[in-house]
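Positions are given from 1 along the sequence. Note that the structure is a prediction, hence the values are computed from the model and not measured.
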Amino acid sequence: AGCKHRTANIWSKITAMVSRGKSRDRIEPSFEDDREDEDLRLDADDRIAGGRKGRPSGKRSAPVARSNKGRKSPPRKRQSSAGFGLGRLIYWGFVLSIWGAIGIGGIVAYYGSQMPSASSWTIPERPPNMKIVSVEGTVIANRGATGGEALPLEEMSPFIPQAVMAIEDRRFYSHFGVDPLGLARAIVTNVTSGRAVQGGSTLTQQLAKNLFLSPERTVERKVQEVLLSFWLEQKYTKDQILAMYLNRVYFGSNAYGVEAAARRYFNKSARSVTIAEAAMLAGLVQAPSRLAPNRNPEAAEKRAQLVIAAMADQGLISQNAAKTALVAPAEAAERIGAGSVNYAADYVMDVLDDFIGAVDGDVTVLTTIDTKLQSSAETILVEALAAQGAKQGVSQGAVVSMATDGGIRALIGGRDYTKSQFNRATAAKRQPGSAFKPFVYLAALEKGLTPDTIRDDSPVSFKGWEPENYSRTYRGPVTLQTALAHSLNTIAARLINEVTPKEVIRTAQRLGINSALQPNLSLALGTSEVTPVELTAAYATFANGGQSVLPYVIREVKSASGKVIYARAAASFGPVIQPPTLSMMNAMLHEVMVSGTGAKANIPGWEVGGKSGTTQDFRDAWFVGYTARLVTSVWLGNDDNSAMKRVAGSGLPAEIWGKYMKAAHAGAQAAPLPGGLWQGTPRSIFDGGAPVAGARPPANTQTADSDRAWVPPAPQEKNFLERLFGG
């Protein structure tokens with residue numbers, strides 16, 4: 001029956017073809033070579049019930065006669081639309097992924113070809129950092145583009161790398177520079193949240209971007225970032241990559257690297273950072289400005305909590321440690337004081353090049369700064385200005401304190417470094433007023449006068465110049481010692497007229513004044529400008545036995561490996577004041593502290609010398625003084641050179657000087673000034689034990705006691721600049 005039915009079907013098809021005129025020839029049907037690949041198919045009724053998918057390889061089974069009476073034909077199997085749609089989706093997804101891969105490969109190849117050859121790639125040198133250390137070994141400041149030194153990974157607190165990896169790249173040690181899982185997670189998170197809340201870049205990618213690329217977001221930059229990440233992973237170990245990242249990543253507030261950030265926000269080294277502090281630092285990487293703990297502590301703490309939770313979830317810290325860190329969150333260190341130590345750090349940077357030239361790597365600079373003295377000087381100055389500054393019309397001040405060899409112990413360049421970085425201690429040239437008079441008196445003593453020499457304190461006029469005393473009163477005949485103690489202007493004017501301004505200039509330069517001095521008579525009253533640091537250094541000569549000094553702040557410079565790059569050798573320019581003259585000068589300046597303008601600032605138990613200075617219209621007020629241990633100057637004034645409200649050197653500056661010096665000498669063993677204090681000129685002058693024949697005072701010189709003979713002047717010494725440059 002099946003064969004008959006099949007034959008009928010074939011025959012009907014042939015007949016239809018003939019009827020359509022497609023063939024006029026008779027086509028004889030053939031039942032031989034009946035192949036399955038012909039375009040001929042069986043109807044459903046012709047199939048074997050329960051039809052097998054394939055035809056058996058043996059003989060065909062004989063058709064089984066069945067009665068279809070009362071039985072419905074089985075339904076024709078059709079492919080479901082759902083299955084068809086899924087199949088097409090998979091198919092086209094596969095096709096698109098292939099083309100996408102080809103397209104991405106082309107983009108990578110194109111942008112990769114625009115990059116230099118990988119053989120020429122090198123890690124850019126990290127900008128050098130200068131770590132500035134006090135005389136007792138504490139870090140004063142870091143200077144350089146990064147704001148902190150680079151630390152090896154093993155020297156950092158272990159919580160820092162743990163915190164950063166936990167929140168930024170948990171699979172850092174397992175991926176190959178790019179983390180597909182992390183990228184997929186970031187995409188899902190951003191899609192579900194409806195905004196960009198998570199990045200997919202690894203630490204290696206971030207390092208590549210920071211080292212080589214601009215911050216712009218383009219396809220080209222992203223491709224280059226990936227290629228550079230592969231290169232970094234191939235060339236460096238994971239630890240090296242992590243160390244480079246942690247020492248270069250930006251943490252805000254001009255802090256690059258974990259050491260700079262730890263000191264900036266917590267006032268400590270990254271070596272001793274706690275879990276809570278490490279979590280807060282790690283949280284900063286996402287948005288340094290927005291999450292800075294000193295600006296937005298609530299946001300910083302919230303982000304740190306996420307970091308701590310991530311550290312605990314990944315087993316980097318215990319649950320108990322996490323709870324402790326959450327209960328006691330990190331807090332940014334408050335700024336203490338006016339930041340005056342930065343004036344000292346700036347001065348270090350100003351002179352560093354003179355000793356080591358260009359800096360091409362991290363260095364440690366050991367200084368002469370004593371942080372206790374620095375803090376004390378800052379506190380006393382700031383408190384004095386806060387209490388009396390507005391009332392007395394003074395807004396600024398400077399303090400320089402140095403050892404008698406010129407090593408600077410404290411340097412305050414202004415009232416508040418955060419408000420003004422101009423260093424008035426080293427860069428501001430102001431008139432010293434009567435604080436310049438010791439150089440006039442020294443020149444006079446070297447011409448043969450003594451502290452007992454008499455001069456007349458009375459109105460005087462030199463070609464129209466008529467200097468007056470501060471008190472507008474006159475004492476008549478007085479000794480030079482009394483004249484200096486009470487800062488009589490008329491006597492100073494008479495002395496410079498006798499010895500000449502040029503001689504006074506030579507004397508001042510010999511002691512270390514290197515600012516330009518005008519050779520006129522008014523120089524005696526301090527009308528030529530000097531800086532506080534050079535005036536202090538010049539006074540140090542009186543305190544150290546007559547030796548000229550060069551102020552210095554750097555003791556030693558070391559490289560990151562500990563190699564000594566520079567070490568200051570003990571230097572002396574030799575004596576510039578002869579012992580007898582020095583003894584007389586110290587006696588006169590000591591009298592200032594005993595009975596003169598510095599009496600209120602005297603230090604009981606110590607031999608102290610000093611001198612006040614006040615300029616015309618009260619524009620500048622000074623007090624400079626010394627012991628055998630320290631030499632200190634205090635300047636007060638206004639940056640715009642406006643007049644203060646009758647602030648004299650013997651007033652507020654002397655008060656500040658006295659408080660600071662008493663605190664600085666507390667507990668120290670009292671010491672006399674080198675060379676002692678002059679007790680009066682002896683009747684006889686000896687040279688090697690024999691009287692000097694014919695020794696007579698100059699004709700215009702009077703002595704306080706007719707029994708005392710004139711002392712011939714000491715041989716003229718070379719001035720400071722001549723000694724320095726061999727002139």
Can you measure from [atom1] ([X]) to [atom2] ([Y]) and round to the nearest 0.5 angstrom?
X	Y	atom1	atom2	result
L523	Q518	CG	CD	8.5 Å
N641	R430	CG	CZ	4.5 Å
L381	I412	CG	CD1	7.0 Å
L589	Q481	CG	CD	9.5 Å
M585	Y539	CE	OH	8.0 Å
T507	K502	OG1	NZ	14.0 Å

Under-4.0 Å salt bridge between E655 and K659: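 Result for this pair is yes, salt bridge flagged.
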Cationic N near anionic O, under 4.0 Å, K372 to D370: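 Result for this pair is no, no salt bridge flagged.
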Check the side chains of [Y] and [X] for a donor-acceptor pair under 3.5 angstrom, ignoring hydrogens and angles.
X	Y	result
T597	S612	yes
S515	E534	yes
T500	R506	no
T379	S376	no

Pair R510-E446, salt bridge (Lys or Arg N to Asp or Glu O under 4.0 Å): steps then yes or no: CA-CA 13 Å; R510 197 169 76 238; E446 290 177 340; 2.5 Å; yes
Worked verdict on T531 versus W635 for side chain to side chain contact (heavy atoms under 4.5 Å, CB included): CA-CA 10 Å; T531 65; W635 167 85; over 6 Å; no
Side chain to side chain donor-acceptor pair (under 3.5 Å) between N469 and S471, intermediate numbers included: CA-CA 5 Å; N469 293 329; S471 64; 5.2 Å; no
Y566 and F355 aromatic ring geometry - parallel, tilted or perpendicular at 30°/60° bounds: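 Rings of F355 and Y566: tilted, as their planes differ by 30° to 60°.
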Is [Y] close to [X] at the side-chain level, that is, under 4.5 Å between some pair of heavy atoms?
X	Y	answer
L385	V394	yes
F439	I496	no
N520	P501	no
L449	L480	yes
F623	L636	no
Y660	S401	yes
V440	L495	yes
L652	Q388	yes

Keeping [X] on the side-chain end and [Y] on the backbone end, is there a donor-acceptor pair under 3.5 Å?
X	Y	value
H486	G596	no
Q679	L677	yes
R475	D457	no
R409	M402	no
N423	A425	yes
T615	D620	yes
W622	Q431	yes
K437	S487	yes
S583	P579	no
N638	D640	no

Please find the pair of heavy atoms, one from [X] and one from [Y], that lie closest to each other, and give the distance.
X	Y	result
A428	F422	CB-CE2, 3.8 Å
T364	V133	CG2-CG2, 3.7 Å
P477	D456	N-OD1, 3.5 Å
I408	V533	CD1-CG2, 4.0 Å
W678	D452	CH2-OD2, 3.2 Å
I577	T541	CD1-CG2, 3.7 Å

Test side chain to side chain contact (heavy atoms under 4.5 Å, CB included) applied to A668 - qualifying residues, sequence neighbours left out: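 With neighbours one apart ignored, the set is W606, R629.
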Among R424, R415, K419, salt bridge (charged side-chain N to carboxylate O under 4.0 Å, His left out) partner for D639: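 Among R424, R415, K419, the one meeting salt bridge (charged side-chain N to carboxylate O under 4.0 Å, His left out) with D639 is R424.
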Side chain to side chain donor-acceptor pair (under 3.5 Å) evaluation trace for R494 with N489: CA-CA 9 Å; R494 293 181 187 277; N489 290 338; over 6 Å; no
Test side chain to side chain contact (heavy atoms under 4.5 Å, CB included) applied to Y626 and T632, step by step: CA-CA 6 Å; Y626 57 92; T632 301; over 6 Å; no
I454/V478 under side chain to side chain contact (heavy atoms under 4.5 Å, CB included): CA gap, chis, key distance, verdict: CA-CA 5 Å; I454 301 294; V478 294; over 6 Å; no
Residues forming a ring-ring contact (aromatic ring centres under 6.0 Å, His included) with Y347, sequence neighbours excluded: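 Testing Y347 for ring-ring contact (aromatic ring centres under 6.0 Å, His included), a comparison that skips the adjacent residues, returns none.
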Contacts of type ring-ring contact (aromatic ring centres under 6.0 Å, His included), residue Y474, not counting sequence neighbours: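 ring-ring contact (aromatic ring centres under 6.0 Å, His included) list for Y474, sorted by chain: empty.
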Stepwise side chain to side chain donor-acceptor pair (under 3.5 Å) test for Y552 and D405: CA-CA 9 Å; Y552 69 98; D405 70 342; 2.8 Å; yes
M130 vs L352, side chain to side chain contact (heavy atoms under 4.5 Å, CB included): CA-CA, chis, key distance, verdict: CA-CA 10 Å; M130 284 64 72; L352 183 61; 3.8 Å; yes
CD (Q421) with more than 12 external heavy atoms under 6.0 Å: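 Atom CD in Q421 is packed in, count exceeds 12.
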K662, NZ atom: more than 12 neighbouring heavy atoms under 6.0 Å: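 More than 12 heavy atoms, drawn from other residues, nucleotides or ligands, come within 6.0 Å of this atom.
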Chi angles and distances behind the side chain to side chain donor-acceptor pair (under 3.5 Å) call for Q374, S340: CA-CA 8 Å; Q374 179 79 22; S340 70; 3.1 Å; yes
